[in-house]
Structures are given as C-alpha cells and as structure tokens.
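Numbers for residues simply follow the sequence, beginning at 1.
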Amino acid sequence: MDNTAARSAPPSLRVAANQNERERTQHNVHINHQSENQPMTATMQTKPTPANTAPAHPTLRVYNTLSKRKEPFATVEAGKVGIYLCGPTVYDKAHIGHMVGPVIFDCIKRYLTYRGYKVNWVVNITDVDDKLIKKANERGISMLQVAEENIEDYQSNLAALGVDQIDHFPRATDCMPEIIAFVEELVKQGNAYESEGDVYFDVGKDAEYGKLSNRSIESMQGEGGSTGERKRHVADFALWKSAKPGEPSWESPWGAGRPGWHIECSAMSKKLLGETFDIHGGGLDLVFPHHENEIAQSECCHHKPMVLYWAHNGLLRKGGDSGKIGGGDAGEKMSRSKGAGGLADLIKRQGGERIRFFLLRTHYRSTVLFNEPAIEEAGTGLEAFYRLFKRYTRITGHDFYALKPNTHRSESKSDGEAASAAAEAASPAARCRERFIAAMDDDFNTGGAIGELFELSTITNKFCDEANLEGDGKNDMAAIAKFTSLLTTIKELANILGMFLKPPATAGKGDDLTAKLMPLVIEVRAAARKNKNFAVADKIRDTLGPLGIVLEDRAGGTEWSASQTGLGGTAPGDSAPGDSPGAKWSGAIMGLLIQLRADARAAKDFATGDMIRTRLGEIGVTLEDRAGGTEWTLA
C-alpha cells in the first residue's frame, strides 16, 4: 500500500498501513544521508496517520473525494466532529451558488448532532484578496468597508435559508499572526522559499502533490508573467505576496505583504480544529487548485493527514430559465464572473425555506440545475406539508410548530421500551423513519430522506381520513394521540433537514390588508356558487391561483393559504414593481374585487356591487368611480 492509499484507506486499515509507511520512510532517510540540521526533503517527510482514530460508526458512511469511495465514518476524537467549509471571498453580494455548501453542511451538522456527536463547524471569510482590493478602488472606499457590507449580506442570506448551525466565522485579516507563523514553518522545513519578497510553496518537495485531484506535477501549468519568472516550478503557488503601492499589507519576515488564498484556510482550520480534523467541505470546483494546495501545505508542515474525509458538493448550474440571478448560458456554473447575483431579491420572491428545500431535494454530490420554475415546483411540494400542519391545528387546536420531537436518536432502550419499539417498528410510519435514517447514513442522502418525508405525510393524511378525525372521529382521543405522534415524527425528521422549524412567511397570510380582503372574496365566491353563477366563482379561483393563493372548500367553510408562487412582479392590480409580496397580494385582490363589482353592476346585480363597496368601507378601503375606471385608497 503506497502513501496515498494508506491515508485514503478506511480508518480500520490505516494503522496497519502506517507500519509499512514508517519502514519506507526510514529507508528513504538512510539513502539520502541528510544531516539533522539540513532542511527536510520530500523523500524524508513522514506523514503518519494517527493511530488513535475513534472506532467507526456502525452504519454511517461518507464519500471521500481522496479515496473515491464511501468509507465508514470514524472521527479523530470519539464523539466529536470538526468540519471546515470554505466560505466566500466577500468582494460582492452573495448569489445562490454561495448557499449550496452552507445549506448542505447545516443539514449534515444537524444530522451528526442527532446521531449524538458534538460538532464544531467553521466557515471562513476571505476578506483580503485582489478582487476586494479592485472593488475598493473602483468604489473609492476601504477594503474593510467592502468586506463588511458583503459579510452582512452573506450572513443575512444564510439566516433567511435557515443556516444557523455555524460555530465560527474566522476572517483572514483576524488570523494574520497564525498565517505568518504557518508560512515561516514551511520555509524553515524547506518546503517553501522566498523570492523577491514573495514566498512560494515548492510543489517538488511534496511527493504526493496532486493526489486529491489525481494530477501529476508535470501536467500542471501555473501562473505566467512576472510571477512565473520568480518561481522554481510553474506549479509553485504563492503563500505570501509582497505589497504593491497603495495595497493593504501586513509586516512579515519577508517584508510588507499579504497572504495567498490557499494558506489562509490551512492556518484558520489549524487554529480552530487542529492539525488533523474530520471533514473538509467545499464545491467540486475547489478540488484543484485550492484544496490540493491546502493538503500540500498542511501535511508538509505537520507530517500527518490534514483531513480524514474530503466532502465536495456538486455545482449549481444555470437551467433554461434562471430568472434574475445572472447572465451566462444554460448549464454554466453559477458564479459572479457570469453575472450571478440578486440572492436577496430571489429570497423575497421565493422565500428561504422553499430555496432550502429545492437545494436539498437532490444528493449533495449531484449537479443542481437552477431556475425559478424549479424552485416554485419545490414550493408546490412544501404546500402539501403546510396543508397537513393546518389540518393538525384544526383537529387538535394545537400548533404543529410547538410540537417537541426527539432531538437525538436513542441508541439504547430498556426492555419495556425495546418491546414497544419492536411492535411500533412494524408500522408503515416506523419503516419510513428507518428508511429516512438509512438514507442519511448513506453519505447524507437528503434526496432519499425527503422522499420518506413525503411518504410519511401520505400515511398521516390517510390515517386522518380513515379515522374521520374531522368528522365523527373528532372525539376519538386514542386516534388523535396517534395522529399527533405521526406529526411529531414528521417534525423530528424534518428538523434534521432544517425544515419546518417555524412557520414560513410564504405559508402565511401576506399582509394585514390581504387578510381582511380574503374573507370578502370568499363570501362573493360562495354567493356566486349558491346562485349557480359558476363563471364568477371560476374567475375568482383562476385569478387567485397564479398569485399562489389556494382555496380549500371544507365542511366548515372555505379556507385559504398563500405562497409566493407567481409573485415575481406579474401580479395584476395597482401594486408597483418592487413592492413587498403582501402589497402585490393586496393590490391583485383589490383589482379582482373592483372587477367583480363592475361585472355585477353591468349585470344589474346592484346588491352584490353595493355589498362589495360596503364591506370594503368597513375595513377602511374607499372606492372612487371615475371616467377612466375605479380607484381605491386605504385609510
């Protein structure tokens, strides 16, 4: 087993491989005849795999980009997980591509916590970079100001998508002492060299350089121009860059300058997670050169594996209709260089929970094709859950979101609990729950887990129908208790995905005016149906549908619910582009009521026309009939 195989093998095989690695290393040291005070060369470097890795989890397996296979999950320290996810370079506003990794790893942390692990999750912020400096010069403000604006935007968007599990947001500018010390150590060991104020990593000193991306040094091309002339090999990369006039800089042993991109992550991950940690995440586009260079820096510095599991998510690519997110052709990666942006506006149009659900529907290693119709389709699926939650409230009088599910999976039970659990395991709902857990154990397969949530929702609705809980069975306490248990299981599993933690704005009633107008619309529709005026009734439903407002006719009356589907600026009425979703709802509904009143008057149905005017007046809306049409104002 060679060095690469030894470190990429499952943890159970690493100890055995380590002995062979030590024997080969001792042989290499002997044949090089290096004295103790000489810099260590690539053939002398020992990178032993730690022998004290905790026992592997019995069922959880994680795909490792380094080994190209799923491996049993074993951590550096028993019961603890350290995760590092590469964060944004904050030179501009965030786009939806920046949310893919955080949403996925927020879900991964929630699941590992559910499984009993104590998780420490780090997402770095690159706040010093050529692009930041360029943006600051273009705007005539400091690099710090540019960074602060975009960090606030990034974190605001994370919060909107329910990403709240991140423990640390280290900034490169706050870790300058650690970065400089890291570079100094690499220079001291002979793995890096200074050239005209710059410091470069010598890829020729790392015998395993290219192992993550499966590339050879000979096949690599580095930077050209003046930097190429200062390097020993074209693939050598910058650890420290000498300052140019007018640029932000920090003092170092090599003069004033700033760090290269790759060294920042090695230094920050070491500071917060240690020399070896469990999971390093990022998009597939970071495998080379960024993560390849991180491995080289860290493992040559510490002579041990940097990371046990490299987890890379698939990229978000533009679908056929990507709304206002950015330019570029369909199928291209979402990036700022392709004109991507506008995430805050997308969240206003679609809602954070819907976007999160859209991103989790597929396995994290798969490519995601982005377009707004696909997000709206995901929203349609969510509405089925929202309707079930409202059904629970109607039947029990309690709020679904107030349910208190288990937050950890119990691995041991008493004899009585085990017997009860065995009986319950035979139920369809219990089998759904186990398949959900199996999907998440299988490399965090959120797509498969969501499929089981839908199945559990179907089972729950079917039970409610069969028990007739909205009819003769409404007083069956045993059936209601089981119904509540089913909903609690849904919440337990959904919360692992970061879903249904609180009522989303997209599932609510819009603004106050909309909430006052909708009962009038329902009343007009009910009167039209009673009088067999189905054209009017259909017109109401057909107008509300594109707005994302759904009417449900029940024995106790008609109820309505609203999402943001169709509220991308296309709503009719007097609302202006850029208005809030609530304003678009109310503007569209007022347009509908004015038209219904006009139709009633044209048909000489003055009673309906007068009723609409009177009821609007009661909620503070005044109508003024003018030659060009009817206008309305709100008191």
Side-chain angles (χ1 to χ4, degrees), residues 1-22 46-85 105 107-122 165 167 212 269-270 272-281 295 298-299 302-312 364-365 406-414 417-418 421 425 433-446 448-449 496:
M1 182 179 290
D2 62 16
N3 287 358
T4 302
R7 272 202 304 284
S8 61
S12 59
L13 301 181
R14 290 175 181 163
V15 177
N18 192 39
Q19 179 61 38
N20 292 334
E21 185 176 20
R22 281 198 298 271
T46 304
K47 303 178 184 177
T49 300
N52 60 344
T53 304
H57 190 281
T59 57
L60 180 57
R61 296 174 65 82
V62 179
Y63 184 85
N64 191 347
T65 305
L66 184 61
S67 66
K68 306 296 187 294
R69 63 174 178 263
K70 295 177 186 176
E71 301 177 7
F73 187 63
T75 57
V76 174
E77 186 175 352
K80 296 183 179 181
V81 180
I83 300 176
Y84 187 92
L85 176 67
F105 279 88
C107 182
I108 288 174
K109 177 177 176 179
R110 289 176 189 275
Y111 184 65
L112 291 174
T113 301
Y114 177 79
R115 276 301 206 174
Y117 290 98
K118 183 177 180 181
V119 183
N120 185 16
W121 179 22
V122 178
Q165 299 293 299
D167 297 290
L212 183 67
S269 63
K270 175 186 177 182
L272 293 166
L273 298 174
E275 294 177 353
T276 300
F277 56 95
D278 302 296
I279 301 175
H280 194 315
I295 292 177
S298 294
E299 297 191 355
H302 305 132
H303 315 301
K304 61 180 66 174
M306 177 188 183
V307 175
L308 299 186
Y309 303 89
W310 288 88
H312 291 94
Y364 76 89
R365 286 190 283 116
N406 293 330
T407 56
H408 292 82
R409 178 174 171 82
S410 176
E411 301 293 351
S412 61
K413 296 180 175 68
S414 66
E417 290 174 329
R433 184 177 184 275
E434 291 309 307
R435 288 194 298 267
F436 180 102
I437 299 300
M440 292 300 291
D441 273 352
D442 185 16
D443 194 30
F444 312 113
N445 183 1
T446 57
I496 292 171

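Of the inter-residue distances, the one linking Leu272 atom CG with Ile83 atom CD1 reads 13.5 Å to the nearest 0.5 angstrom. Atom CG of Leu85 is separated from atom NE2 of His280 by 8.0 Å, given to the nearest 0.5 angstrom. Note that OG1 of Thr113 and CZ of Arg409 are 15.5 Å apart. Values are rounded to the nearest 0.5 Å. In this structure, CH2 on Trp310 lies 8.5 Å from CG on Leu66, to the nearest 0.5 angstrom. Annotation: the span from Glu77 atom CD to Asn120 atom CG amounts to 11.0 Å, rounded to 0.5 Å. In this structure, Glu275 CD and Glu299 CD are separated by 11.5 Å, a value rounded to the nearest 0.5 Å.
In terms of heavy-atom proximity, Ala439 sits nearest to Ala449 at CB-N, 3.7 Å. Annotation for Ala74 and Ala54: closest pair CB-O, 3.3 Å, computed over non-hydrogen atoms. Nearest approach of Tyr364 to Ala311, heavy atoms of both residues: OH-CB, 4.2 Å.
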Pair Ile437, Tyr114 - check side-chain contact (heavy atoms from CB on, under 4.5 Å), show working. CA-CA 10 Å; Ile437 299 300; Tyr114 177 79; 3.6 Å; yes
Check the pair Thr75 / Leu308 against side-chain contact (heavy atoms from CB on, under 4.5 Å), numbers first and verdict last. CA-CA 8 Å; Thr75 57; Leu308 299 186; 5.5 Å; no
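A heavy-atom distance below 4.5 Å is found between the side chains of Lys70 and Asp442. Between Leu112 and Leu60, some side-chain heavy-atom pair lies under the 4.5 Å cut-off. Put simply, the side chain of Met440 reaches to within 4.5 Å of the side chain of Thr446, judged on heavy atoms. Contact annotation: the side chain of Phe73 approaches that of Ile279 to within less than 4.5 Å [non-hydrogen atoms, C-beta and beyond].
Between the side chain of Tyr63 and the main chain of Tyr309, no donor-acceptor pair closer than 3.5 Å is present. The main-chain N or O of Val62 is never found under 3.5 Å from a side-chain atom of Asp443 such that the two would form a donor-acceptor pair. A donor-acceptor distance shorter than 3.5 angstrom exists from the side chain of Asp167 to the backbone of Trp121, with no hydrogens or angles considered.
In the model, Arg115 has a side-chain atom that pairs as donor or acceptor with a side-chain atom of Tyr111 under 3.5 Å.
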